[in-house]
Amino acid sequence: MPKLPILVLTRPEQAAHRFLTQVEAVLGRGVPHVISPILQIQPVGDWPNLSGLEVILTSEHAVRGDLSGITAHCVGSRTAEAATAQGAQVQTVAVNAEALLQKLGTQPANYVHLCGSHKAVDISARLTAAGLCCRDHQVYAQVAQPLTDTARAALEGEDPALLPLFSPRSARLVGEAIAKPGRHLQVICMSNAVAEEWYAATGKTAEFVGTPTGDAMVSGIVAALRGHVA
């Protein structure tokens with residue numbers, strides 16, 4: 001059986017294992033891999049009183065408490081599923097923050113963005129600038145972690161490796177954590193913004209999927225893996 005490149009996963013632990021499972025299920029075989037989260041998700045503070053508010057959720061990590069009866073506007077189907085499981089009435093599901101902003105820009109409400117310590121898009125500022133009422137409430141932190149020696153060796157080495165990147169910050173952190181990308185490292189990003197951060201950190205270009213979704217990333221990684229065994 002032809003040898004596959006090593007898949008280096010730098011998502012938070014649970015998300016990395018879930019992504020690996022999805023890739024292997026679609027591919028129909030096991031994949032050599034290294035899991036080395038570049039970010040650790042840590043809860044922050046108490047769960048807020050959301051009475052009279054509509055919540056904006058841009059990550060499943062923000063779904064830390066009861067949302068019973070609360071109207072929710074979500075980025076991504078997984079975030080929407082997590083919100084629904086906590087009792088939310090999900091009104092909006094968008095593929096990314098920009099699409100969500102377009103949908104909410106004409107829907108006045110008292111919004112709160114349940115967010116992390118780092119935001120790729122400042123939704124509250126954008127909605128406020130558009131004349132709407134929105135504030136942030138931080139419920140988790142994304143704490144940077146060092147890469148393991150094994151992950152760094154795979155990313156810098158001579159053997160083929162495959163690196164999916166899901167956010168601009170993780171792209172920058174991974175890029176800054178290695179001396180330079182290996183000659184046979186293939187990087188697939190969730191969006192052009194992620195690819196731009198990778199280029200800024202490493203001077204190397206990266207591919208990005210056509211639609212910024214988890215399913216598109218799975219398809220992109222599987223296609224790259226199949227390219228090595230065709």
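One-based numbering along the sequence shown. Note that the coordinates shown come from a computational prediction; the quantities given were computed from them, not determined experimentally.
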I'd like to know if Val209 and Tyr199 are part of one continuous hydrophobic network [Ile/Leu/Val/Met/Phe/Trp/Tyr, side-chain heavy atoms within less than 4.5 Å]. no
Hey, what do you get for CG (Leu165) to CZ (Phe208), rounding to the nearest 0.5 Å? 13.5 Å
Do Gln186 and Leu163 have side-chain heavy atoms sitting under 4.5 Å apart? no
What is the minimum heavy-atom distance between Glu13 and Ile35, and which atoms define it? OE2-CG2, 4.1 Å
Using side-chain heavy atoms (C-beta onward) and a distance below 4.5 Å, is Val174 in contact with Trp198? yes
Work out which heavy atom in Pro146 is nearest to a heavy atom in Ser36; give both atom names and the distance. O-OG, 4.1 Å
How about CD on Glu207, more than 12 heavy atoms from neighbouring residues, nucleotides or ligands closer than 6.0 Å, or not? yes
Decide whether Trp47 and Tyr140 are clustered together by the hydrophobic rule: side chain heavy atoms of Ile, Leu, Val, Met, Phe, Trp, Tyr closer than 4.5 Å, transitively. yes
To the nearest 0.5 Å, what is the distance between NE2 (His118) and CD (Gln138)? 9.0 Å
Side-chain heavy atoms of Ile221 within contact of Leu27, under 4.5 Å: no
Starting from the C-alpha separation in whole Å, work towards a yes-or-no answer on side-chain contact (heavy atoms from CB on, under 4.5 Å) for Lys119 and His113. CA-CA 11 Å; Lys119 304 183 293 289; His113 180 199; 3.9 Å; yes
Determine whether a donor-acceptor pair (N or O, by modelled atom type, separation under 3.5 Å) exists between the side chain of Glu156 and the backbone of Ile178. no
Over all atoms of both residues, closest heavy-atom pair of Leu173 and Ala144: CD1-CB, 4.0 Å
Leu50 and Leu67, any side-chain heavy atoms less than 4.5 Å apart: yes
I'd like to know if the side chain of Lys103 and the backbone of Val93 have a donor-acceptor N/O pair within less than 3.5 Å. yes
What's the separation between atom CZ in Arg169 and atom CD1 in Ile38, rounded to the nearest 0.5 Å? 9.0 Å
Say whether Leu57 and Met190 are linked into one hydrophobic cluster, either directly or through other cluster members, by side-chain heavy-atom distances under 4.5 angstrom. no
What one should report as the nearest heavy-atom pair of Pro37 and Pro12 is CB-CA, 4.0 Å
Tell me who clusters with Leu127, hydrophobic residues only, linked when side chains sit under 4.5 Å apart either directly or through other members. Ile56, Val75, Leu100, Leu101, Leu104, Tyr111, Val121, Ile123, Leu132
What are the two closest non-hydrogen atoms of Ile188 and Gly220, and how far apart are they? CD1-O, 3.5 Å
Could you pull out the closest heavy-atom pair between Ala83 and Cys74, with the gap in Å? CB-SG, 4.2 Å
Just how far is it from atom OG1 of Thr202 to atom CD of Glu197, taken to the nearest 0.5 Å? 10.5 Å
Not counting sequence neighbours, list each pair that qualifies as a side chain to side chain donor-acceptor pair (under 3.5 Å) and has a residue in residues 89-101. His73-Thr92, Glu98-Arg126
When rounded to the nearest 0.5 angstrom, what is the spacing between CZ in Arg78 and OG in Ser59? 11.0 Å
Is it true that the side chains of Thr213 and Asp215 contain a donor and an acceptor less than 3.5 Å apart? no
How far apart are the C-alpha atoms of Asp66 and Ser68, what are their side-chain angles, what is the distance that settles it, and do they pass the side chain to side chain donor-acceptor pair (under 3.5 Å) test? CA-CA 6 Å; Asp66 183 37; Ser68 296; 2.6 Å; yes
Check for a donor-acceptor pair, side chain of Arg64 on one end and backbone N or O of Val139 on the other, with a separation under 3.5 Å. yes
In Å, rounded to the nearest 0.5 Å, how long is the span from CZ of Arg11 to NE2 of His17? 12.5 Å
Keeping the roles fixed (side chain from Glu24, backbone from Val31), state whether a donor-acceptor pair exists under 3.5 Å. yes
Checking side-chain contact (heavy atoms from CB on, under 4.5 Å) for the pair Leu9/Phe166: CA distance, chi angles, key distance, verdict? CA-CA 10 Å; Leu9 297 171; Phe166 293 81; 5.5 Å; no
Any side-chain heavy-atom pair of Pro160 and Leu162 under 4.5 Å: no
Kindly determine whether Gln145 and Val143 satisfy side-chain contact (heavy atoms from CB on, under 4.5 Å), including the steps that lead there. CA-CA 6 Å; Gln145 304 291 304; Val143 181; 3.7 Å; yes
For Gln142, does its backbone N or O pair with a side-chain atom of Ser117 as donor and acceptor, under 3.5 Å? yes
Compare all side-chain heavy atoms of Gln22 with those of Phe19 and state whether any distance is below 4.5 angstrom. yes
Stepwise side-chain contact (heavy atoms from CB on, under 4.5 Å) test for Thr79 and Glu60: CA-CA 4 Å; Thr79 304; Glu60 64 180 306; 4.3 Å; yes
Using the side chain to side chain donor-acceptor pair (under 3.5 Å) rule, collect all pairs that involve residues 170-183, keeping only residues at least two apart or in two chains. Glu158-Arg183, Ser167-Ser170
ILVMFWY cluster, Val90 and Val112 together (side-chain gap under 4.5 Å): no
Are any non-hydrogen side-chain atoms of Pro181 and Leu155 less than 4.5 angstrom apart? no
Side-chain heavy atoms of Leu7 within contact of Pro164, under 4.5 Å: yes
